[in-house]
Amino acid sequence: MNSLRRELSVQEILDGFKNKDRNILSRAISLIESEAEKDQKKAEEVLSHFLSFDGKSNRIGITGVPGAGKSTFINQYGEMLCQSGKQVAVLTIDPSSTISGGSILGDKTRMNDLSQNSGAYIRPSPSLGYLGGVAARTRETILLCEAFGFDTVIIESVGVGQSEHELSTMVDAYVMLALSGSGDDLQGIKRGILESADLIIFHKADGDNKNRAKLASQEMASALQILRKEPVPICLVSSTERTGFGTFEDTLNDWLKQQTDNGKFKARRLQQKIIWLEKAIEQKILYQFRSDKVTQAKLQNIKDEVLREKTHPLQVLKLI
Ligand SMILES: Nc1nc2c(ncn2[C@@H]2O[C@H](COP(=O)(O)OP(=O)(O)O)[C@@H](O)[C@H]2O)c(=O)[nH]1
Ligand SMILES: [Mg+2]
């Protein structure tokens, strides 16, 4: 068997983490994303060795519509963090493709500088696949990155749909990239995100767009005063001109410090652990249901009966 394909033992994974072997990290992430029963058992064992690392990083979620410049922003911001000596992991959740599919390549290209930086690690996660969930294993992937020693984990969202809310339940700071002057100002931004974003960046604040971004940010600030109890910091950034990053970093750090001082940081993380617990139980039950051959055979029979109009889906529920 090809040595790359050879299965790793739990011990080899633990050793690989100690030796900072990124190839082993990638394979450990693939292991926890795998649906195969033997992989799931091993994944649980691996994770059980790493629980003490849970929460060791700053977890930052970046959201915004497709094209808002999330990948480009992360490329620049990640570089800046690496320059200050940080170890940065970037997880991108891709909506449509599997790992070998199309748009991830796009993201990787946008993060070309960062992907060549020895302090950074970029990992695309398919959002389809594991039990059909939305990057169902992102929390566990974050934990692996923390055990590996990354001090910042940045997660780029898909920018659409249900994953938006999910992402906000696994990060310390949920940062929204907004665009001005392209119809994507206040009206274009989903209310749910406005209600949950911790920081807002008006992105692409460059060229002709600079003044528009300034105006839009003022408009946004007044709207947020009505929507939110506490002030939400707003920054202007251009990733192509590399401006605004210093201010963003200071603003983020001030905000994180404030959250830590007033106890909200800790409370949020605890609440997120409860969500993690619930998700882990849901995933396990669903997995057991789907992998049990007898149950699946029965289900197939029922589906056949429904197709032949012999029974109604709701009638079947009585049997469970
Ligand atoms: N003018 C300008 N364009 C940008 C900036 N950041 C990204 N872009 C462009 O916006 C497009 C989408 O960027 P991308 O990072 O792929 O967006 P994502 O879909 O949110 O990840 C690309 O063509 C980028 O070159 C910026 O700060 N200013
Ligand atoms: Mg992207």
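These numbers were taken from a predicted model, which means no experiment stands behind them. When a residue number appears, it is its place in the shown sequence, counting from 1. Below, each value reflects all heavy atoms present in this structure, side chains not excepted, and no hydrogens, waters or symmetry copies.
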Considering only NZ, NE, NH1 and NH2 on the basic side and carboxylate oxygens on the acidic side, decide whether [X] and [Y] come within less than 4.0 Å.
X: R27; Y: E12; result: no
X: E241; Y: K204; result: no
X: D198; Y: R268; result: yes
X: D304; Y: R308; result: no
X: K284; Y: E44; result: yes
X: K42; Y: E45; result: no
X: K86; Y: E79; result: no
X: R212; Y: D206; result: no

Determine whether L8 and I24 satisfy the following criterion, side-chain contact (heavy atoms from CB on, under 4.5 Å), listing intermediate values before the conclusion.
CA-CA 9 Å; L8 294 171; I24 300 282; 3.8 Å; yes
Run the side-chain contact (heavy atoms from CB on, under 4.5 Å) check on T63 and V175 step by step: do they pass?
CA-CA 6 Å; T63 187; V175 178; over 6 Å; no
Between F245 and F73, ring centroids under 6.0 Å
yes
For this output row, return yes or no: ring centroids of F50 and F17 closer than 6.0 angstrom.
yes
Working for side-chain hydrogen bond (donor to acceptor under 3.5 Å, both in side chains), residues Y121 and S26
CA-CA 9 Å; Y121 171 79; S26 295; 2.8 Å; yes
Straight-line distance of [X] [atom1] to [Y] [atom2], nearest 0.5 Å:
X: I234; Y: M176; atom1: CD1; atom2: CE; result: 9.0 Å
X: S157; Y: L167; atom1: OG; atom2: CG; result: 5.5 Å
X: K310; Y: I302; atom1: NZ; atom2: CD1; result: 15.0 Å
X: W255; Y: E230; atom1: CH2; atom2: CD; result: 9.5 Å
X: L47; Y: I32; atom1: CG; atom2: CD1; result: 5.5 Å
X: H203; Y: N209; atom1: NE2; atom2: CG; result: 10.5 Å

Please report the shortest heavy-atom distance between [X] and [Y], naming the atom on each side.
X: L179; Y: G67; value: CD1-O, 4.2 Å
X: V88; Y: G78; value: CG2-O, 4.1 Å
X: A213; Y: L236; value: O-CD2, 3.7 Å
X: I200; Y: A178; value: CG2-CB, 4.3 Å

[X] side-chain N/O to [Y] backbone N/O, donor-acceptor pair under 3.5 Å:
X: K70; Y: V65; answer: yes
X: K20; Y: F148; answer: yes
X: E146; Y: S57; answer: yes
X: D151; Y: Q87; answer: yes
X: R59; Y: I142; answer: no

Just wondering, are more than 12 heavy atoms of other shown residues or ligands nearer than 6.0 Å to CG in D208?
no
Can Y174 and I155 be said to form a side-chain contact (heavy atoms from CB on, under 4.5 Å), step by step?
CA-CA 9 Å; Y174 187 49; I155 306 152; over 6 Å; no
Shared hydrophobic cluster, [X] / [Y] (ILVMFWY, side-chain heavy atoms < 4.5 Å):
X: I281; Y: I275; result: no
X: F289; Y: Y287; result: no
X: I285; Y: L277; result: yes

Find out whether [X] and [Y] are in side-chain contact, i.e. whether some heavy atom of one side chain is under 4.5 Å from a heavy atom of the other.
X: E249; Y: M80; answer: yes
X: V171; Y: I60; answer: no
X: T92; Y: M111; answer: yes
X: Q259; Y: L256; answer: no

Should E305 and Q300 be marked as a side-chain contact (heavy atoms from CB on, under 4.5 Å) after you check the CA-CA gap, both sets of side-chain angles, and the distance that decides it?
CA-CA 9 Å; E305 292 203 354; Q300 194 50 54; over 6 Å; no
Do [X] and [Y] have a side chain donor and acceptor closer than 3.5 Å?
X: E156; Y: S71; value: yes
X: S239; Y: Y77; value: no
X: T169; Y: Q272; value: no
X: Q11; Y: D15; value: yes

Could you walk me through whether R123 and E33 pass the salt bridge (charged side-chain N to carboxylate O under 4.0 Å, His left out) test, one step at a time?
CA-CA 12 Å; R123 169 74 184 200; E33 285 173 348; 3.1 Å; yes
K214 to F202, cation-pi by 6.0 Å centre distance and 45° axis angle
no
side-chain hydrogen bond (donor to acceptor under 3.5 Å, both in side chains) between S196 and R228, intermediate numbers included:
CA-CA 9 Å; S196 58; R228 304 278 292 264; over 6 Å; no
Are R139 and E166 close enough, and set up right, to give a salt bridge (charged side-chain N to carboxylate O under 4.0 Å, His left out), and what steps lead you there?
CA-CA 10 Å; R139 291 180 182 83; E166 281 266 356; 3.6 Å; yes
